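Beneath this line is the structure, given in structure tokens, with notes to follow.
Everything numeric here is computed off the predicted structure, so don't read it as measured data. Every number for a ligand or one of its atoms is a count from 1 in the order of the listing. FYI, the numbering just counts along the sequence from 1.
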Amino acid sequence: MALRKLSLLAGVAGVSAFVSAPIGGAYQKPLGQESAVANFNCDLPPVLTPAGDGLPSGQSLFSSEAALLKQVKRHQAVVRVPTVCYDDLGSFDEDDRWAPFYVLHDTLAKTYPAVYDRMTLDKVNTFGLVYTINGSDPSLKPIFLAAHQDVVPVADESTWTHPPFDAYFDGEFLWGRGSSDDKNSLTALLSAVETLLSNPDWSPTRTLILAFGFDEECSGYKGAGKIGEFLTEKYGDDGIALILDEGGLPVQLVGDDTLYLFPSVMEKGHVDIWADLHVVGGHSSMPFPHTGIGIMAEIITALESHTYEPQVLKNSPTYNHLVCLARYSPEESTDIADLLKKDDLKKLTTLFVEDGGKVARYMIQTSQAIDIIQGGQKINAMPEVVSLGVNYRVAPQDSIPKVQHNIVKYVDSIVQKYNLSVKAYEGEQEYEAYVAGLPLEDRVAARSDVDYQGTLVLRGDEKSESTPVSPTSGPIWDVFSGTIQHAFAFEGGKVVPVGEIMNGNTDTRHYLNLSPHVYRWTPSRQRGDENIHTIDERVRMDSHMEMVSFYYDLVRNFDAAEA
Ligand SMILES: *[C@@H]1O[C@H](CO)[C@@H](O)[C@H](O)[C@H]1NC(C)=O
Ligand SMILES: *[C@@H]1O[C@H](CO)[C@@H](O)[C@H](O)[C@H]1NC(C)=O
Ligand SMILES: [Zn+2]
């Protein structure tokens, strides 16, 4: 059955729950405008085996037991430093919980002597790490490989099989908070570059940048936000050839001989909505029939009864994913091919969601999660303020103002019933512009003749529209895809890199101006099975070794490329 293997997508963890940043307030172009290729047929660029630089192959360097054990030591040193990002961290000099970041920097300096010897290190906003080595040809735009130093907190150490900061290695897995997200990338990147720079005869033709933020799990403003500004100052908008950060979907093997890999070429939008309901309180012995909490409960019910629709858009990454499946796994996807031919996007959507489960659904559907409710202070007093927080991840067929306006519409009958006045997103310009552009009958009528019983204040926060789509054709993609095909090649099989959409957000939010070629992909076949953000996070070390080898090959291939 077509797409059956998509169920592999189930269990992939969103990379980071709460990251987002406004993208210069500017509206992003609608999906597809930037880089959609009509008649995309999933041609694969050639496999790109690094050659011509006289270096040993990644395979020969990184597949031995000795190499693995050396890498275990490095990764242990990094994972043992508890660089936790807490949402309520204070300033650098006043909050001791920043101290581990200094320790991590010392650890990196000891672990990667060639990197520290040969690369220029800029510390951006105290803890941001930007390593640069100039290429000999300044006409080539740099490549920028990213990761983040911070990890999410551990809720309860006693629930872990091995203590979260022991970095215990059981012969197969290395266990610990951050062993996967995202120190897996951090260690692998530094190790690949350490290997290159340990060779005194090798120096890059193309400038190479490694940069590591330190608050990705908290918002990324202090780390990636400042690193983005630093790199923009240095290289300018569109000054970088390729940006690669964490992310992507788990690999998918179809029919035992076709391996699909999914770098994310796009992130969904994000908005948090806060609703504060202000009502009259009073003594609980003589209550109103509905307190503010009761009214808010109705509001929640109204929101949850309106979910968004999934939609595979023509020429979107997901559509192109289906094109690739139809082309390279025809036996497993006869129905996909048929629906593509008929241009039946509706049925394609149904098929994708039915077979791909929750992860697939939310790649193409705006999600809504009621996450925070606060109200009531005293058991004998009716609440005067009740607050609600709702998290949305906005699919490209929707927009943030549309989501905001839908809330106003969905709660309108409750607002009417209780004679509430509504202050909807006051001062939020995109919202106001959106409403001004609606036909009159679609605006929610203001009511002036009512004796208001309370006020509902709506506010949007942490907004970012879905990102532009990074290209899946052209010279930069070809080097990237060619390297993936080389690095993940297997006997008798075919490797198909496919751009996809990502549900979560990454630090790349802060880097979008630097390059149109932004890819979010942790080059691991294990991804999705590593307990990211929960107990017993771990990484398979053989999979980690593949990552080291991939980064090693990627730098070499981009060094040889003229793009
Ligand atoms: C690298 O190149 C830039 C721009 O050409 C130059 O300003 C900088 O000093 C160089 N850095 C090193 C370490 O050579
Ligand atoms: C709402 O206002 C109308 C008109 O002023 C009034 O008739 C009605 O009783 C009010 N309803 C509530 C729940 O206060
Ligand atoms: Zn991460």
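At least one N, O or S atom of Glu246 sits under 2.8 Å from the Zn ion (ligand 3). The distance from the Zn ion (ligand 3) to the nearest N/O/S atom of Asp181 is under 2.8 Å.
Side chain to side chain, Asp559 and Thr205 meet the donor-acceptor criterion of an N or O pair below 3.5 Å. A donor-acceptor contact closer than 3.5 angstrom is absent between the side chains of Glu462 and His270. For the 3.5 Å distance criterion, the side chains of Thr161 and Asp536 qualify, holding a donor opposite an acceptor. With no hydrogens or angles considered, no side-chain donor-acceptor pair links Thr534 and Asn531 at under 3.5 Å.
A salt bridge links Asp88 and Arg97; the closest N-O separation between the charged side-chain nitrogens and carboxylate oxygens is under 4.0 Å.
Scanning all protein heavy atoms for the shortest distance to atom 6 (C) of ligand 1 gives Asn134 ND2, 4.2 Å.
Counting only heavy atoms, the protein never gets under 4.0 Å from atom 4 (C) of ligand 1. Within a 4.0 Å radius of atom 14 (O) of ligand 1, the protein contributes one or more non-hydrogen atoms. Protein heavy atoms are absent from the 4.0 Å sphere centred on atom 9 (O) of ligand 1.
Counting the atoms of ligand 1 from 1 in the order shown, those under 4.0 Å from a heavy atom of Thr120 are 13 (C).
A 6.0 Å sphere centred on CD of Glu172 holds more than 12 heavy atoms belonging to other residues, nucleotides or ligands.
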